[in-house]
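We number each residue from 1, following the sequence as shown. Not measured: the values here are computed from a predicted model. Just the heavy atoms: all of them, side chains too, but no hydrogens, waters or symmetry mates, feed the values below.
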Amino acid sequence: METAKPAEVGAAADRLETAVARLMERCAALHEENRLLQEQLRQLRAERAAVKERTEQARHRVEGMISRLRTMEHHE
């Protein structure tokens, strides 16, 4: 069984160090992307809640108008 030469060990260590550095960079990028997506999700949920509330208010106004029209119709 041959033993690895110091130059081969050094080259392998350099490759491993480079691979680990790339993985760390990718991890940091994914962490930032996740943070941005979580913020976007929070904003979209808030927007959806606001739209839902406005829709509900509009529905109540329309129902009120219909009720008043029916009342006017019955009084004629």
Side-chain angles (χ1 to χ4, degrees):
M1 180 181 203
E2 280 188 47
T3 58
K5 297 176 186 172
E8 293 170 350
V9 171
D14 288 344
R15 287 192 302 274
L16 181 59
E17 186 178 349
T18 299
V20 169
R22 276 187 289 199
L23 284 172
M24 289 174 64
E25 289 171 4
R26 182 67 176 140
C27 183
L30 288 171
H31 180 74
E32 178 63 12
E33 181 180 1
N34 187 54
R35 187 190 68 74
L36 292 171
L37 288 170
Q38 290 291 335
E39 176 61 22
Q40 184 180 27
L41 180 61
R42 185 196 63 74
Q43 290 174 355
L44 289 171
R45 283 179 174 160
E47 288 175 21
R48 181 180 67 182
V51 167
K52 191 174 180 180
E53 177 64 25
R54 287 194 306 272
T55 301
E56 191 66 18
Q57 289 172 356
R59 185 178 66 79
H60 285 297
R61 285 194 306 270
V62 169
E63 287 174 352
M65 286 185 246
I66 291 170
S67 178
R68 286 191 297 278
L69 287 171
R70 285 184 178 149
T71 301
M72 289 170 57
E73 208 174 63
H74 289 271
H75 290 307
E76 289 181 356

Q: Please list, chain by chain and in numerical order, all residues satisfying side-chain hydrogen bond (donor to acceptor under 3.5 Å, both in side chains) with Glu25, sequence neighbours excluded.
A: none
Q: Return each pair, listed once, that meets side-chain hydrogen bond (donor to acceptor under 3.5 Å, both in side chains) where at least one residue sits in residues 26-36; pairs must be two or more places apart or across chains.
A: Glu32-Arg35
Q: Glu63: what forms a salt bridge (charged side-chain N to carboxylate O under 4.0 Å, His left out) with it, not counting sequence neighbours?
A: Arg59
Q: Does Met24 have more than 12 heavy atoms from other residues, nucleotides or ligands lying within 6.0 Å of its CE?
A: no
Q: Heavy atoms, side chains only, cut-off 4.5 Å: are Lys5 and Val9 in contact?
A: no
Q: Working to the nearest 0.5 Å, report the span between CG of Leu23 and CG of Leu30.
A: 10.5 Å
Q: In terms of side-chain geometry, is the basic nitrogen of Arg42 or Glu39 positioned less than 4.0 Å from the acidic oxygen of its partner?
A: yes
Q: So does Gln40 get a backbone contact from the side chain of Gln43, meaning a donor-acceptor N/O pair under 3.5 Å?
A: no
Q: Rounded to the nearest 0.5 Å, what separates atom CZ in Arg48 from atom CG in Leu41?
A: 8.5 Å
Q: Take atom CD of Glu56 as the centre, draw a 6.0 Å sphere, and report whether it contains more than 12 heavy atoms from other residues, nucleotides or ligands.
A: yes
